[in-house]
Protein chains: 2
Amino acid sequence: MITIYDIAKKANVSAMTVSRVINNNGKISELTRQRVKQVMEELNYVPNSNARSLVLQKTHIISLLITDITNPFYTTLARGAEDTAKRLGYKLLFGNSDENYAKEKDYVDMILSTRVDGVLFAPAGDGSAAHLQQLQKHRIPLVLLDREVPGIQSDTVLGDSKEGARGLVEHLLELGHRRIALINGSEDVSTARQRHIGYKEALKLNDVAYDEELVLHASYRDIQDEAALDRLLQLPEPPTAIFAANNFLAVGAIQGLRAKGLEVPDDMSVVCFDDLGLASALHPFLTVAAQPAYQFGSLGMQWLIDRIEGRAQEEPRKIILPSELIIRSSAASLGVR
Amino acid sequence: MITIYDIAKKANVSAMTVSRVINNNGKISELTRQRVKQVMEELNYVPNSNARSLVLQKTHIISLLITDITNPFYTTLARGAEDTAKRLGYKLLFGNSDENYAKEKDYVDMILSTRVDGVLFAPAGDGSAAHLQQLQKHRIPLVLLDREVPGIQSDTVLGDSKEGARGLVEHLLELGHRRIALINGSEDVSTARQRHIGYKEALKLNDVAYDEELVLHASYRDIQDEAALDRLLQLPEPPTAIFAANNFLAVGAIQGLRAKGLEVPDDMSVVCFDDLGLASALHPFLTVAAQPAYQFGSLGMQWLIDRIEGRAQEEPRKIILPSELIIRSSAASLGVR
DNA sequence: TATGTTAAAGTTATCGATAACATTAACTGC
DNA sequence: GCAGTTAATGTTATCGATAACTTTAACATA
């Protein structure tokens with residue numbers, strides 16, 4: 001690899017002069033600047049950012065950790081983060097934890113050893129606290145995305161899970177449903193807890209009894225317990241509608257229902273959190289609480305870079321972005337049946 | 001940040017001894033090993049990989065560049081690449097070119113300056129040749145994914161675009177369609193050219209005349225020319241079926257048709273390349289040529305690491321992975337109407 | 001006892017860049 | 001004509017790690 005010294009020798013100057021040309025600082029005569037630039041071109045020189053980072057104590061890399069790269073919510077978020085990072089001169093080191101604490105820990109180790117300038121972190125759940133403390137102990141600027149973690153103070157960009165959930169459930173109530181099941185993510189995740197609360201609140205406000213049996217504890221990646229859906233359906237008073245806590249769970253539920261010969265919304269209404277990307281473009285079918293995924297990423301990145309560059313105040317900032325209720329056709333009026 | 005010297009001082013040994021403990025090489029007495037390890041724990045030491053990379057001339061980072069992070073084909077590919085990289089001890093530096101040569105060039109500059117060990121590259125198109133040559137000039141191990149680039153010799157993992165296209169078009173022909181439109185990606189991209197050829201071959205083999213007017217040149221991201229679909233429909237003999245060269249184009253076409261009050265497959269059959277992830281899980285609707293996206297990533301990564309670690313032969317390897325025709329309901333028999 | 005061997009360390013130079021300080025030469029002003 | 005200024009460039013030390021070589025001390029062997 002060509003180094004600054006190769007350039008220096010060929011251009012008959014010192015390495016420092018080359019460095020000055022590269023960084024465009026210090027005083028340099030136009031003549032030598034030209035000469036050095038030309039040699040750099042000739043030899044195809046590219047600076048070694050490892051060496052540079054070592055002395056500058058700055059990598060200009062930001063790490064983005066998400067929990068599911070195949071989920072449109074996170075890919076849209078990632079694009080928001082990436083666009084903003086690029087615009088502000090940072091590179092993205094990308095990771096995908098698969099909602100898995102062990103994988104997540106590996107990424108945190110890598111993040112630390114890479115000495116990234118900051119981290120945008122969508123945590124897998126409350127169990128992420130240990131890794132996050134690790135990051136904070138090393139004073140790495142951190143912005144939490146999508147999920148809070150008890151015990152971790154930091155800038156946070158959240159969606160309004162409680163209100164979103166309430167909106168969805170109230171929509172179902174307005175359609176006449178009284179037996180509404182909740183297929184939730186793990187209670188280990190703040191959004192799942194908030195959606196659970198929103199669900200309860202909507203029921204309470206409308207004088208519908210909360211029935212523990214209608215609540216299914218799954219994970220955001222899949223329903224896991226295959227038989228759980230069966231149990232729901234075989235309840236003495238089975239649900240007439242399902243509120244799925246995210247897009248994957250809704251799709252999983254619909255597939256499960258279909259396998260049993262049940263159609264949505266004719267036999268069961270289904271609504272969920274998060275839109276579905278291409279799927280919704282193709283079939284505007286699922287009624288959802290759509291979150292501004294792109295903004296999660298772009299705002300989070302903005303905040304993070306503010307902090308990295310010392311433009312943020314001391315105390316953590318927190319924002320709760322509203323979601324938008326998009327009514328489509330997966331939930332039908334109970335009376336119409 | 002804690003360095004090896006901080007550890008050394010506190011443990012009363014030299015930095016070299018600490019390095020030996022970290023890398024588990026050289027001879028060390030069990031006693032000092034324990035002592036050093038304990039101090040490392042206490043101080044929360046994490047090695048600085050910039051410093052390490054500088055002397056080892058190895059980063060253990062692999063760069064993955066894709067063209068569209070919101071496309072399920074690429075996210076599935078990315079997961080394949082990531083899983084394999086992780087398994088073999090490499091980190092992923094991730095980039096998203098948005099089918100844009102300028103963005104792509106920026107990423108290549110970053111890749112070079114980061115001194116990554118290798119690059120998995122899904123090029124935006126033929127115009128990527130310049131950047132790719134740049135990479136090759138610097139002898140960075142490279143595996144091309146999904147698309148070939150004229151003039152670039154390297155390991156390549158491709159899908160069988162020609163055969164896949166032929167299969168889709170033959171399926172339409174079997175359904176009785178004779179006027180089949182092609183909405184293609186840019187001819188600047190090898191897969192678009194191959195799909196075009198497959199389309200022509202299928203027509204020729206079945207004695208259907210090739211009509212240039214039925215071929216629409218778009219980009220893989222969207223149809224771009226809004227009026228183009230109108231022109232197709234207003235042809236003296238309009239198409240009865242559309243072959244879209246990828247999933248996004250199919251969805252775009254269907255949305256366009258719907259805006260004009262036309263339904264798929266009743267008023268128009270539509271088939272396309274690449275499956276749609278969640279969308280297909282939710283509504284198994286589009287008839288597609290599904291590519292083994294995960295394998296693109298995992299095999300490509302495997303090959304790349306083989307090459308990085310000197311296990312690959314000199315001459316480039318190339319594989320063409322078959323796609324699978326998945327017949328669903330977006331294409332209907334012409335007679336049935 | 002002198003020499004050789006080996007385990008367990010330590011020293012020094014290096015990777016490629018930049019900060020901080022030092023030098024040179026031309027020019028300014030009195 | 002000489003001190004003072006300044007533009008342009010050079011030298012040296014440094015970032016944090018490791019390779020290659022060196023040293024030390026304990027022990028074995030003839």
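Chain A is the first sequence line, chain B the second, and so forth, proteins listed ahead of strands; every chain is numbered from 1. From a predicted model like this one, the values you see are computed outputs, not experimental measurements.
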I'd like to compare against my own output: the B/S/- annotation of nucleotides 9-16 of chain D with a strict under-4.0 Å heavy-atom distance to protein. BBB---BB
Specify the closest pair of heavy atoms between [X] and [Y], including all atoms of both residues, with the distance to one decimal.
{"X": "A:Asn96", "Y": "A:Lys103", "answer": "O-CD, 4.0 Å"}
{"X": "A:Val116", "Y": "A:Leu93", "answer": "CG1-CD2, 4.2 Å"}
{"X": "B:Thr84", "Y": "B:Gly80", "answer": "OG1-O, 3.0 Å"}

Establish, with yes or no, whether the OP1 or OP2 oxygen of D:dT18 is under 4.0 angstrom from a side-chain nitrogen or oxygen of B:Ser19. yes
Rounding to an integer number of Å, can you tell me how far [X] [atom1] sits from [N] [atom2]?
{"X": "A:Asn25", "N": "C:dA17", "atom1": "CG", "atom2": "P", "answer": "15 Å"}
{"X": "A:Asn23", "N": "C:dA19", "atom1": "CG", "atom2": "P", "answer": "7 Å"}
{"X": "A:Ile7", "N": "C:dT18", "atom1": "CD1", "atom2": "C1'", "answer": "16 Å"}
{"X": "B:Lys58", "N": "D:dT18", "atom1": "NZ", "atom2": "P", "answer": "15 Å"}
{"X": "A:Asn24", "N": "C:dT18", "atom1": "CG", "atom2": "C1'", "answer": "15 Å"}

Classify the angle between the aromatic ring planes of B:Phe296 and B:Phe73 as parallel (below 30°), tilted (30 to 60°) or perpendicular (above 60°). perpendicular
Using five base pairs at each end to define the local axes, how bent is the helix from C:dT1-D:dA30 to C:dC30-D:dG1, to the nearest 10°? 60°
Any side-chain heavy-atom pair from A:Arg311 and A:Ile305 closer than 4.5 angstrom? yes
Do B:Met301 and B:Asp83 have side chains that get closer than 4.5 Å, going by heavy atoms? no
More than 12 heavy atoms of other residues, nucleotides or ligands under 6.0 Å from NZ of B:Lys58: is that the case? yes
Show the atom names and distances, to 0.1 Å, of all donor-acceptor pairs under 3.5 Å that link a side chain in residues 138-145 of chain A to residues at least two apart or in another chain.
| unit_1 | atom_1 | unit_2 | atom_2 | d |
| --- | --- | --- | --- | --- |
| A:His138 | NE2 | B:Asn44 | O | 3.3 |

